[in-house]
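Heads up: the structure comes next, in structure tokens.
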Amino acid sequence: MTEPRLWNDVDDYLTALLAPPDDALSAALRDSDAAGLPHINVAPTHGKLLHLLAVIQGARRILEIGTLGGYSTIWLGRALPADGRLISLEYDPKHAEVARRNLARAGLDKITEVRVGPALDSLPKLADEQAENPAPFDLVFIDADKVNNPHYVEWAVRLTRPGSLIVLDNVVRGGAVTDATSDDPSIRGTRAALELFASHPKLDATAIQTVGLKGYDGFALARVLA
């Protein structure tokens, strides 16, 4: 059996056992596919990991950068208490509309908000809102364009508190992240974000390689320090 086939078989087994789909999650994927959204949503086991991280964190406020069809947003939103809040930033209006429908069907429309536009325009507005009503985010999930990853990490630190978690997705990129000479903007952005995770005085971080339905990739996880 080839490695990718084995990875997929293991992912199928783990998903069925530990992260089985329900109607809302299945419908979110189905409607995203029908709308022509790219197949770049997180894997079910990754969604379950995000959910558990938010629960363990006791998160009451979550920021997601990159909504797509709202699949990961559903996993994260389900970890929030009834008075919690999740804000997700999405560049593409079409993606945002699909995500809003999926979140409403999952019963999360009252505690989630999808904001449309470039994240680097939306993030300063969030900072302005915090200046008027301080409410830092307990968890930030970054899964958007990789070119701006270092900027997203900087904003995540600014918008969180000591003890908050920052999750940065797709950091291995099939192993290409090791190429220091790459002229691929996504690789350069990812490397810059990882280097920021390593050097930032307010972050303590690690990164994990993953294989499975989404191929060979990984994510980084950082805790915000005092």
Side-chain angles (χ1 to χ4, degrees), residues 24-25 28 32 37 40-42 46-47 49-146 148-170 193 202-203 219-224:
L25 289 169
S32 295
L37 274 59
I40 55 174
N41 53 275
V42 301
H46 190 174
L49 174 62
L50 292 171
H51 174 85
L52 289 174
L53 287 173
V55 171
I56 293 167
Q57 182 71 359
R60 303 185 66 83
R61 283 178 57 82
I62 296 174
L63 173 63
E64 179 181 52
I65 304 176
T67 317
L68 196 62
Y71 181 76
S72 57
T73 323
I74 293 173
W75 278 110
L76 287 166
R78 286 176 170 177
L80 288 171
D83 60 348
R85 189 69 174 164
L86 188 158
I87 296 176
S88 188
L89 309 181
E90 174 53 47
Y91 176 81
D92 191 313
K94 177 182 176 182
H95 296 181
E97 185 57 35
V98 173
R100 289 181 181 125
R101 291 197 301 268
N102 287 333
L103 291 166
R105 180 171 44 219
L108 296 170
D109 50 316
K110 298 297 190 297
I111 62 171
T112 60
E113 177 186 358
V114 180
R115 299 190 181 186
V116 179
L120 292 181
D121 291 342
S122 299
L123 290 164
K125 295 175 183 177
L126 284 174
D128 290 342
E129 292 172 16
Q130 282 193 358
E132 297 178 3
N133 180 25
F137 292 100
D138 305 302
L139 187 149
V140 178
F141 177 47
I142 303 171
D143 189 15
D145 62 297
K146 312 311 174 187
N148 286 309
N149 270 344
H151 301 301
Y152 298 148
V153 171
E154 289 278 17
W155 276 108
V157 174
R158 180 173 175 179
L159 294 169
T160 51
R161 57 169 177 79
S164 293
L165 295 180
I166 301 172
V167 184
L168 177 65
D169 202 15
N170 306 128
K202 289 188 176 181
L203 294 178
F219 65 93
L221 174 67
R223 183 173 184 267
V224 180

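The shown structure was predicted, so the numbers you read here are calculated from the model rather than taken from an experiment.
Taking all atoms of both residues into account, the shortest heavy-atom contact from Glu90 to Thr67 is OE1-N, 3.0 Å. Ala193 and Leu168 get closest at one heavy-atom pair: CB-CD2, 3.7 Å. In terms of heavy-atom proximity, Val114 sits nearest to Ala99 at CG2-CB, 4.5 Å. Minimum interatomic distance between Thr73 and Glu64 (heavy atoms only, all atoms of both residues): OG1-OE1, 2.6 Å. Listed here is the closest heavy atom pair of Ser32 and Val98: OG-CG1, 3.9 Å. Of all heavy-atom pairs between Gly163 and Gln57, the closest is O-NE2, 2.6 Å.
Look at Glu129 and Arg115 and you find a salt bridge, because one of the NZ, NE, NH1 or NH2 atoms lies within 4.0 Å of a carboxylate O, short of that distance.
Side-chain atoms of Asp143 never come within 3.5 Å of backbone atoms of Asp169 as a donor-acceptor pair (strictly under, hydrogens ignored). Of the possible donor and acceptor atoms, one in the side chain of Arg61 sits under 3.5 Å from a partner among the backbone N and O of Ala135.
Here CZ of Arg161 is found 11.5 Å from CD of Gln130. Values are rounded to the nearest 0.5 Å. We find the CG-CG distance between Asp92 and Leu37 to be 7.5 Å, quoted to the nearest 0.5 Å. The distance from the OG atom of Ser72 to the CG atom of Leu49 is 12.0 Å, given to the nearest 0.5 Å. Leu63 CG to Ser88 OG: the interatomic distance, rounded to the nearest 0.5 Å, is 8.0 Å. With rounding to the nearest 0.5 angstrom, the OG1 atom of Thr160 is 7.5 Å from the CG atom of Leu203. The CG atom of Leu139 sits 14.5 Å away from atom CZ of Arg60, with the distance rounded to the nearest 0.5 Å.
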Under 3.5 Å, which donor-acceptor pairs do the side chains of residues 150-157 form with other protein atoms, sequence neighbours left out?
{"residue": "Tyr152", "atom": "OH", "partner": "Asp145", "partner atom": "OD1", "Å": "2.4"}

Margin query: What verdict does the side chain to side chain contact (heavy atoms under 4.5 Å, CB included) test give for Ile74 and Leu103, after you've listed the backbone C-alpha separation in whole Å, the side-chain angles of each residue and the deciding distance to 0.1 Å?
Written below: CA-CA 6 Å; Ile74 293 173; Leu103 291 166; 3.9 Å; yes

Check: Phe141 and Val42: side chain to side chain contact (heavy atoms under 4.5 Å, CB included), yes or no, with the steps?
Finding: CA-CA 11 Å; Phe141 177 47; Val42 301; 3.9 Å; yes

Next item on the list: Step by step, work out the side chain to side chain contact (heavy atoms under 4.5 Å, CB included) result for Val116 and Glu97.
Entry: CA-CA 9 Å; Val116 179; Glu97 185 57 35; over 6 Å; no

Note to self: What verdict does the side chain to side chain contact (heavy atoms under 4.5 Å, CB included) test give for Leu86 and Glu113, after you've listed the backbone C-alpha separation in whole Å, the side-chain angles of each residue and the deciding distance to 0.1 Å?
What the structure shows: CA-CA 6 Å; Leu86 188 158; Glu113 177 186 358; over 6 Å; no

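Of the options Ile166, Val224, Ile87, Leu123, a side-chain contact (heavy atoms from CB on, under 4.5 Å) to Leu159 is made by Leu123 and by none of the others.
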